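Heads up: the structure comes next, in structure tokens.
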Amino acid sequence: MSQAQSKRVTSRAHPADPCTVVIFGAAGDLTSRLVVPALYNMRRTGLLSDNFSVIGFNHGKMADNAWKKSLHTALERYVSNAGAKLDEDAWGWLSSQMSYHAGDFDDLSAFQSLATKLKDAERRRGTKGNVLFYLATPERFFGDVIEQLKNAGLVDDGGTDGQFWRRVIIEKPFGHDLASAHALNERILKVLREDQIYRIDHFLGKETVQNIMAFRFANGLFEPIWNRDRIDHVQITVAETVGVERRGSFYEQTGALRDMVPNHLFQLLAMVAMEPPTSFDAEAVRTRKAETIEAIRPIQPEDAVRGQYGPGAVNNELATSYRDEPNVAPDSVTETFVALKLSIDTWRWSGVPFYLRTGKHMGRRTTEIAIRFKSAPFAPFRGTGMDAFGPDWLVLQIQPDEGISLQFDVKRPGPRVELAPVRMDFKYADWFRAEPNVGYETLLYDCMTGDATLFQRADMVEACWRAVQPILDDWAQRTPADFPNYASGSAGPASADTLLALGGRSWRPLNSAAELNARRTAKPKTDASSAAEKKPAARKTAKRAVAKKTVRVAATKKAAPARKVAVKKASAKKAPTKKAPAKKAAAARKAAPVKKAPAAVKKAAVAKRARKK
């Protein structure tokens, strides 16, 4: 597309149903940082009905104006960070629909007075009795809030054919293991129907995540090769440059596995590996995703790696160790990095390994799904002097630069047959006009219109926990002795590399784009994994070589502290030589002269000049 060509306009949708949004945890970080900015963006893009209102429910008394002022400050910060200016008209309209309601989450009288406010909003704002309850609270309040809503008569809507609707958004984490997730599901489903529950995952609100299904099922070019016959393996990476920031207390109880894998990473996995649905109806899509997650083979402890960041540098700035973060125990064994190898027992994916990794204080912020294709037969290139192909990759970039890239080999210009890796890139920003987005706009709109496609059902949640429960049980019994085991600003612990090296593979580097550009001007190197595909014996030799190299790197890193200790001990043994007789000391100095320190050299020169005078 030429620079002069105008970008395509984002598709427009009709405004959502009239409704009132009740935000529990209205004074919290999630509300000010994500929920309210999403509502502001929806107003600007015409997705909110004119018949709309917001009620903030939270502990502690606060005037309406004080609550709105705090939200206005946070919204100004969000808009300025995006390089824009606050649309005062949009904010003015939204704030005029907002009011604050003080009350405890277990106080029935507070919910009864909320019912009165909702009736008033229906009368004055024309919301038609539709209410969306948003639980932006810690997990421990989920059950209490929902039970009090029932006790106050606020969840009854007459069923799926009722004249108005009542829906509940529940934030993650939905449980902290299989048992707690099952117990929470049972408690909530005693009050609400499954079609009233929207378990939200903000990753699924990103355009590139939603585009995965369109890319797979709308393009006849890719679906025929989307299987074990042509795909070697799949890598899913969610790397963050930030640490735990001010969430030390939360993270100590959660860790990277619980925080990221059963929700974010498994949702990306399900999108990539699911079978084609019969339609894009919510239940058809969710059923296919549930089948995929249920087909994950139980993950063995040897296929899981955990890590914790130590000191280092991230984005050229010094970064502290996790154990030195606020509200973190000095001997904490909470993981900040996870890498997994898993298999999906379906006809499509039999024998294709999926590698997942996520971590904090990594070298680069990126979320990507990378699909490595099998190498082509080498026979036509015999006698050309070539001994390997470069890897073919299809990369779905989720963030920060949303897009899709395809890497493949071409002939390098010149008389000889040499291959060079090249890449074709599609970027959303180049083709479509960007709309302000925090990732919640689409999800909130879907809740208001009753589309549950991007939300998890109870069986999906429990299937996710069931897949990782063996790892949780194993890690609870074994205390890691090597934490911290990766430096801030790195790509994670060396043991994560070994996880792939044993299969003759390697992780894509976090700065893969920069490395590809460097390779474009360099001669192609032998790819051990590709060359190994020529013969079984060569494949085994390559695997052993890669594995040994990785183990040596890991051993070297772990041995580093030991070398320091050895140096100190050697120094201590040399100390007594100072007490040796003068003649022996002089002879020793003559036999092995020691380089003088700069200060000593200068002092000797001054003394020499003085003697000459």
Side-chain angles (χ1 to χ4, degrees), residues 173 176-177 237-262 264-265 299-315 317-341 355-365 468-502 507 510 547 550-566 568:
H176 56 271
D177 57 16
T237 297
V238 180
E240 301 178 278
T241 54
V242 298
V244 297
E245 298 178 311
R246 300 183 304 277
R247 300 196 305 157
S249 299
F250 164 78
Y251 214 80
E252 278 287 86
Q253 303 300 319
T254 307
L257 179 61
R258 288 185 171 93
D259 188 39
M260 297 294 290
V261 176
H264 298 333
L265 268 74
I299 306 171
Q300 300 303 311
E302 60 267 23
D303 292 329
V305 170
R306 53 179 162 171
Q308 185 187 91
Y309 63 79
V314 179
N315 294 332
E317 293 185 4
L318 291 178
T320 188
S321 172
Y322 172 74
R323 293 180 175 181
D324 293 327
E325 300 278 12
N327 302 315
V328 171
D331 57 350
S332 173
V333 294
T334 300
E335 79 282 356
T336 61
F337 175 96
V338 175
L340 301 172
K341 174 187 175 182
Y355 298 98
L356 280 59
R357 63 173 168 171
T358 180
K360 292 188 174 294
H361 267 188
M362 305 288 280
R364 173 172 167 255
R365 173 178 173 258
V468 301
Q469 191 62 49
I471 305 303
L472 293 173
D473 294 340
D474 179 73
W475 287 359
Q477 297 171 6
R478 293 189 298 112
T479 301
D482 60 345
F483 277 9
N485 60 356
Y486 73 95
S488 294
S490 70
S495 51
D497 297 328
T498 307
L499 192 65
L500 277 74
L502 294 175
W507 290 109
L510 291 181
T550 306
V551 171
R552 284 200 301 272
V553 172
T556 303
K557 290 184 178 180
K558 291 183 178 179
R563 287 198 296 272
K564 292 181 181 178
V565 174
K568 290 182 180 178

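As the structure is a prediction and not an experimental result, all values here were calculated from the model.
Here the OG1-CG distance, from T358 to L257, works out to 10.0 Å after rounding to the nearest 0.5 Å. The CG atom of L265 sits 6.0 Å away from the CE atom of M260 when rounded to the nearest 0.5 Å. Summarising the geometry, atom CZ belonging to R246 is positioned 11.5 Å from atom CD belonging to E325; distances are rounded to the nearest 0.5 Å. Atom CG of N485 is separated from atom OG of S490 by 9.0 Å, given to the nearest 0.5 angstrom. For the atom pair F337 CZ and M362 CE, the distance stands at 5.0 Å (nearest 0.5 Å). Atoms CD and CG, from Q253 and D259 in turn, are 13.0 Å apart once rounded to the nearest 0.5 Å.
Looking only at distances, no side-chain donor or acceptor of T237 sits under 3.5 Å from a matching main-chain atom of A239. Distance alone, capped at 3.5 Å, is enough to place a donor-acceptor pair between the S488 side chain and the G310 backbone.
Of all the heavy atoms in V305 and S495, the pair that sits closest is CG1-OG, 3.1 Å. Residue V468 comes nearest to P262 through the heavy atom pair CG2-CG, 4.1 Å, listed as atom of the first residue, atom of the second, then distance. Across all non-hydrogen atoms, the minimal contact from A304 to I471 is CB-CD1, 3.7 Å. Considering all non-hydrogen atoms of both residues, V314 and A319 come closest at CG2-CB, 3.9 Å.
Between W507 and Y355, the ring planes are perpendicular. Angles over 60° get that label, and only those under 30° would be called parallel.
Each of R323, K360, E335 was evaluated against Q308; a single residue qualifies, R323, per the side chain to side chain donor-acceptor pair (under 3.5 Å) test. A side chain to side chain contact (heavy atoms under 4.5 Å, CB included) with Y251 is found for one member of N327, T336, V328 and no other, namely T336.
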One pair to check against side-chain contact (heavy atoms from CB on, under 4.5 Å): R258 and L472. What are the steps and the verdict?
CA-CA 9 Å; R258 288 185 171 93; L472 293 173; 3.7 Å; yes
side-chain contact (heavy atoms from CB on, under 4.5 Å), that's the test. Do V338 and W475 meet it? Break it down for me.
CA-CA 12 Å; V338 175; W475 287 359; 4.2 Å; yes
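For Q477 and D473, the side-chain atoms include no donor-acceptor pair closer than 3.5 Å.
Other residues, nucleotides and ligands contribute over 12 non-hydrogen atoms within 6.0 Å of the CD atom of E302.
Residues H361 and Y322 are not in side-chain contact: their nearest non-hydrogen atoms beyond the backbone lie 4.5 Å or more apart. Using a 4.5 Å heavy-atom cutoff, the side chains of V333 and P480 are in contact.
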